[in-house]
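For reference, the structure discussed in these notes is given below.
Naming convention: chains lettered A, B, ... in sequence-line order (proteins, then strands); numbering from 1 in each chain. Please read all numbers here as calculations on a predicted model, not as lab measurements.
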Amino acid sequence: MTVRSKEYHRPEDWARAHQLLNRSEVHTVPLVVSPRPAALTDLEADAFVDLQKLQLDAIHKSGDNRIHLGGMATLQAVYESDLLKAEADGILSEAAHISATLGIRNLATVAGALTAPSSPPDVALALMALDALVTLQKDEGRTRTLPLHEFIAAGDKALQRGEVLVEVSFASAPSFGSLARVGRTPRDHAIVAAAAVVEVSNGAVRRAGVALAGANPLPVRLLDVEKLLSGKTASAALLDQAAALAEKQAVPQGDYRGSVEYRRAMAAVLVRRALAAALKHAGLA
Amino acid sequence: MNIRFKLNGKETELQVKQDESLLEALRQAGAYSVKHGCETGECGACSVLLDGKLVPTCILLAPQADGHEIETVEGLSEVNTIHPIQKAFTENGAIQCGYCTPAMILATKALLNKEKYPTLEDAREALSSTICRCTGYVKPVEAILRAAAMLRGEEVAPIGGGGIPLELAFGLTGESDLGRDIPDVKSGGGGGTSVSVRPTVKVAPWVSPEAHTDVVGRPEIKVDAVKLVKGKPAFTDDINLPGMLYAAMLTSPHAHARIRNIDVSKARAFPGVHAVLTYKDVPRVMYASGGQSWPNPKPWDQVSLDSKVRYVGDRVAVLAAETPEIAREALKLIEVDYEVLPAVLDPREAGKPGAPVIHDEPDAIGIPDAQRNLVNTIDAAVGDVEKTLAECDYVFERTYYTPKQQQVHIEPHVCITYWDEDERLVVRTSTQVPFHVRRMLSPLIGLPVKRIRVIKPRIGGGFGGKQEMLIEDLAAHLTLATNRPVRFEYTREQEFTSARSRHPMYITFKAGVMKDGVLRALDMKVISDTGAFGQHSMTVASVSGLRGLSTYRCEALRFHAEIYYTNKTPAGAFRGYGAPQGMFGLESIVDEIAHELGFDPLEFRRKNAVRVGDPIPISTALGEGGAIEQVVLSCGLEECFDKAAAAIQWERRYDPKWHVDPERPHIRRGLGVATCMHGTAIPGLDMGGASVKMNDDGSFNVLVGATDLGTGSDTVIAQIVAETLGCALEDVIIYSSDTDMTPFDVGAYASSTTFISGGSAKKAAEEVRRQIMERAALMLKTTTEGMYLRNRHVYTADGRAVSLQDVALHSLHTEDQRQIMATASHMSNYAPPPFGAQFVEVEVDMETGMVRVPRMVMAVDCGTAINPVTASGQIEGGQLQALGMAISESVMYDQQGKVLTTRIGEYRIFEADEAPDIMAILVPTYEPSGPYGAKAVAEIPMDGVGPAVANAVFDATGVRVRELPILPEKVWKGLKELK
């Protein structure tokens, strides 16, 4: 009986990476750093696959006007990206910045922010509000793409064994956004947080994306609120209705940072605030 | 496997385990500047530049660095050189304990590599991932801007210091004023009022300050700054002994349980394991783990390893193995059969009938009522409280709560034990109390004191958490069991589950006041939660009463404390030591009274606060060192109020427009104030010793027992010696805290070091000065009359001079040879109170209840600031630590007694870019009982922020929060109730 080192691999290509990750006899996971990193000694796996050679860190806009973020793009790259600062008032940059401090942002990745259940929710919220799609790869020929909010809703069952989050993408559009959050200190893991993104045309909301964390067991996209807003002009009454919907759907789990009652109330306050700010940026408020 | 990377420009090849952290690998390779502070990347102390980017290395596997470039501070400078960034940090006083300094230097380098003209925000952002518990980030941020200017080739101003005028200076040639009789102020010694001999400087009336000091009062660079800024191996863990074993501790998963059986056979058989110890293997010796003077205050309710566990995180077993990995694996093989017992977590429930009895062992010593979990009660009174309350126009009664704040020094508890060549046990440990550790360890391991040597290297912060013999006994037991060096270090999680914290307290004040705003009576009751063991509990509760009942003139005072055991991590010493608890209650109720009676809260405080000549009667009733009457001899409180109020613009409080922000309609602004008054050392108890000897070149070795835990006490003591001996600071080589080499000192606690240890150093230096003068008189064939020492020379009354070097050579080699040297010790029956005025500005979100603090200002009268930079550094850093307790910091438990806040991020300490603007103002006075007029500064910054924030929240919203930390929901609930 001895202490066996866990394996470390740095594959040169995807074929090798998937071969390693899909082994059934050795529990193998990709090395992915969350903005709330786990201690190395707490990582439950027998082997690690370092994806640094697979060039998964790009942030770019494609010909079909979609923005693509590689799963291994660091949160610092997200924060610094001029491309992302130009989308929805830079809501995603702000979310990346608030999720972790500089040193951790240099290691934590988009995949880390979206796949670790205890991650700060901000990046997921911003991306859900941006109507993002997530692409997962089990093998070179086996990828699947699904709406991010469905991926988040699946919780710890979202990723199949061996699967890697390779990309998140969303449509680039003239839009306005805002992130509203409450915590003990400004960069505290939000007790409750809401993200809103609006696209407008002819003085009305053309599309709204609204997401909320801290008021349900997992971060959620508020499709009912989005539907309510679609095609409407901004008004205090509309915001009240949106807030009421957010509060009504909330099923919070209370803890020492916020009770059930508080979290439910904050769902309304922060959804309203995020929407109001986004609409104000859009010139509709 | 082998990895290759560039380390500080050099191709490096290392053999590493595939799953070891880059942090471990770099330290094994000798890069000791890379520090362990946590395991989750959140403290940032382990950061390096990886391909130019700042990254924490504890969350990276070593093989991930293969093929990359790594920079550490070891690469920034050579022997005798210093990088401009390091120079800026050194000059600016940005280094306190220095444990996180290498990471800060690298963060600065990464920033300045891409930004030549950084803004304040850039600097804060760059430091955001390096948690600093000492500085409040104020001086490090300034240092970044200074470094940037230096790297741009600009002239930078010399550091001017924090504010004590250099003309405030004393005692160059006079005899020591320490230990002399203090005049009876009350009966006419000084008329009871302060006399201003200079504008802004208040001194006791019988003192005649001299015109000049050369070293004292100057912003000298810390004597340890250069080694710390260069990341030299100066800390406990920065050595690697041949054959060293790694200890690991198994802790209890239950809040309360009896160990029915424990089977360690599999762990013992595990290859690479050298010893596994449980309660069956070590002698059962009762002790109290708090590092305090002999005999340690009771109860003595702990043993090294027990058959009962009393909190989640309590010791179950400890083992030593050849690698940390083997140690961790072997722990999993220990089989424990627990009989789980009911637990009690609330001190208000712990004394009720039917509550589980936490200390049912028959051999505990000195628990007054173990059946009721009652650790101690304290009662003290001055005057007739009931009668006075009955005479008052108004009586107010309120209850407040202060939380279980954790010290979170970035260097965890760490110690290395080994046999030396004389078969004496050496304990190299990160402690504030090396001499107490030696004495307390002796009976536990069965070695006489003379066979134990305790060495304290540099400490990466303590804040009271290391005023404790926390882990040394277990490491020593393992060295005794294996005859091998043993290294034992807590993980960050263990710091939260198995170290110490502030005692949570429920504080009830009843105050009697007259219509004209004169306070007449204060009645204070405390329920204190000491957790599973009682160390420090009586003295901490006592200080809560002492500090809660000293600040305001009252004719009647009463204090009652009850301290209870609970099944939580034991509390202990934490900067402030009961004062932040007592002061939160006092400064909150005073604010409430002022509001109710329609007084300005600042004026109400001025009206009732103590002043020069006032007695501090409660100290006689509560003093740890016996009943010694205390009188205020120096007090700059009025000026503290004036200066800090001006800095925060207190008048805005009365401008309704200022309270609102048209751009952010949900925000309300407010201002709050708190008076601060602390103590300096424990009168009649604290003692420190110092030795001074002269070398051939006129330099001096100074050996002190005092324990610099990052505060700069080595520097301050060296300044006192240099001033007394007329030499430069660099002529003083100071060595501290080694039980074999230095005189005794109680250790670094109770705000005592400058006053007590500095006092002993001054006395020893004065005796050396006397010997130098005698030698000079012999050499110059004159008498010592009128002689003085200055500029490395002895001057005679008739203007002749001889250099200190010539004096030394003459004395050591030429005639009537002798070593010029002296040893002295100092104790004080007087504990002069420093004073302070704390102001904060808040912004409260009226919809969420979230409180943001944009600005804090504290003015402190610490007598003479021996070093204004280190003194202001204490005030800046202390305020931010106190803000943590006000806003976010509290160790939290679930209903089963499991700690929920086991990471730095969850526990929540302010990061550099979240921290407010913090201002420290030094208000100089002269304290006649202190060396060169000094009194304490270390703890007082903890006292006022909590109440000042709560008072500011009230000003902003009308909501009175009586429970810290002020989480958003508490304010939100208050707002709902107002509606």
Side-chain angles (χ1 to χ4, degrees), chain A residues 1-10 31 33-43 45-48 50 52-53 74 76 97 100-108 118 120 180-189 191-192 255-259 261-263 265-266 268-270 272-273, chain B residues 1 17-21 38-42 44 47 50 53-56 58-61 63-64 66 103 107 110 125-126 128-130 269-272 323 325-326 328-329 491 493 666 845 847-850 852 887-888 890 892 900 903 905-906 908 910-911 913-914 965 967-969 972-973:
Chain A
M1 204 168 28
T2 54
V3 179
R4 212 161 56 95
S5 261
K6 293 173 178 181
E7 297 170 20
Y8 170 86
H9 301 275
R10 190 190 293 181
L31 273 175
V33 177
S34 144
R36 180 186 178 278
L40 290 177
T41 48
D42 288 344
L43 294 178
D46 301 315
F48 302 111
D50 182 346
Q52 63 173 275
K53 287 209 163 164
T74 66
Q76 182 63 7
H97 185 256
T101 55
L102 172 65
I104 293 176
R105 285 201 306 272
N106 279 329
L107 292 177
S118 56
R181 56 203 307 288
V182 62
R184 292 167 295 179
T185 69
R187 199 185 275 108
D188 191 13
H189 186 129
I191 302 169
V192 180
D255 66 8
Y256 66 93
R257 299 188 315 141
S259 67
E261 182 196 12
Y262 179 70
R263 287 169 184 271
M266 287 309 104
V269 166
L270 296 176
R272 189 181 208 286
R273 185 179 290 179
Chain B
M1 70 185 288
K17 291 187 276 290
Q18 293 188 50
D19 59 353
E20 80 177 294
S21 72
C38 69
E39 296 78 36
T40 54
E42 289 165 304
S47 297
L50 182 71
K53 288 180 180 161
L54 188 76
V55 297
C58 66
I59 53 169
L60 279 172
L61 295 173
Q64 287 181 276
D66 186 50
E125 164 78 21
S128 67
S129 52
T130 311
F270 196 70
T323 68
E325 295 78 26
I326 294 172
R328 279 195 296 270
E329 274 314 299
T491 62
E493 181 169 340
H666 55 282
D845 187 321
E847 293 173 347
T848 66
M850 184 171 168
R852 220 176 64 76
I887 294 287
S888 57
S890 177
M892 298 303 295
L900 297 168
R903 297 167 57 115
E906 270 151 14
R908 205 63 214 158
F910 277 90
E911 291 153 0
D913 61 345
E914 297 177 307
L967 299 186
E969 183 170 358
W972 176 79
K973 277 191 174 147

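Here the straight-line distance linking atom CZ of A/Arg257 with atom OG of B/Ser888 works out to 11.0 Å at 0.5 Å rounding. For the atom pair CG (A/Leu31) and CG (B/Leu60), the distance works out to 9.0 Å, reported to the nearest 0.5 Å. The distance from the CD atom of B/Gln18 to the CZ atom of A/Arg4 is 10.0 Å, given to the nearest 0.5 Å.
One N or O on the side chain of B/Arg903 and one on the backbone of A/Pro37 form a donor-acceptor pair closer than 3.5 Å. Without hydrogens or angle criteria, A/Tyr262 side chain to B/Thr848 main chain gives a donor-acceptor distance under 3.5 Å. A distance-only check finds no donor-acceptor pair linking the side chain of B/Glu125 to the backbone of A/Leu102 [under 3.5 Å]. The closest donor-acceptor contact from the side chain of A/Asn106 to the backbone of B/Val55 lies at 3.5 Å or more, if one exists at all. Side chain of A/Arg187 to main chain of B/Phe910: no donor-acceptor pair is present (N/O by atom type, distance under 3.5 Å, no hydrogens or angles).
Side-chain atoms of B/Glu39 and A/Thr41 form no donor-acceptor pair, as typed in the model, at a separation below 3.5 Å.
Residue with the most contacts toward chain B among A/Met266, A/Glu7, A/Arg10, A/His189: A/Arg10 (heavy-atom pairs, distance under 4.5 Å). Ranked by heavy-atom pairs under 4.5 Å with chain A, the first of B/Leu967, B/Thr323, B/Ile326, B/Asp66 is B/Asp66. With respect to chain B, the highest number of heavy-atom pairs below 4.5 Å among A/Ala100, A/Ala38, A/Ser259 belongs to A/Ser259. Interface summary for chain A: among B/Ile887, B/Leu61, B/Thr130, the most heavy-atom pairs under 4.5 angstrom belong to B/Leu61. Taking A/Asp255, A/Asp50, A/Ile191, A/Leu270 one by one and counting their heavy-atom pairs under 4.5 Å with chain B, the maximum is reached by A/Asp50. Your options are A/Thr185, A/Asp42, A/Leu43, A/Val182, and the one with the most heavy-atom pairs under 4.5 Å with chain B is A/Thr185.
The heavy-atom pair separating B/Ser129 from A/Thr101 by the smallest distance is CB-OG1, 3.2 Å. Shown here for A/Gly103 and B/Pro56, the closest heavy-atom pair between the two residues is O-CD, 3.3 Å. In plain terms, the two heavy atoms of B/Asp19 and A/Ser5 that are nearest each other are OD1-OG, 3.1 Å. The two residues B/Gln64 and A/Gln52 make their nearest non-hydrogen contact at O-NE2, 3.2 Å. Nearest heavy atom pair, residue A/Gly183 against residue B/Pro968, reads O-CG, 3.5 Å. Across B/Ser21 and A/Leu40, no two heavy atoms sit closer than the pair CB-CD1, 3.5 Å.
Look at B/Glu906 and A/Arg36 and you find a salt bridge, because one of the NZ, NE, NH1 or NH2 atoms lies within 4.0 Å of a carboxylate O, short of that distance.
Among residues two or more places apart in sequence or in another chain, the salt bridge (Lys or Arg N to Asp or Glu O under 4.0 Å) test is passed with A/Arg273 by B/Asp845, B/Glu847. For the salt bridge (Lys or Arg N to Asp or Glu O under 4.0 Å) test, no residue two or more places apart in sequence or in another chain qualifies with A/Asp46.
For A/His9, no part lies near chain B; criterion is any non-hydrogen pair under 4.5 Å. For a residue to count as touching a neighbouring chain, one of its non-hydrogen atoms must lie under 4.5 Å from one of that chain's; by this rule B/Glu42 touches chain A with backbone and side chain alike. Looking at B/Glu325, the atoms closer than 4.5 Å to chain A (heavy atoms on both sides) sit in the backbone and in the side chain alike.
Between B/Leu900 and A/Tyr256, the closest side-chain pair of non-hydrogen atoms falls below 4.5 Å. In this structure the side chain of A/Glu261 reaches within 4.5 angstrom of the side chain of B/Lys973, judged on heavy atoms. Residues B/Pro965 and A/Arg184 fail the side-chain proximity criterion, which asks for heavy atoms closer than 4.5 Å.
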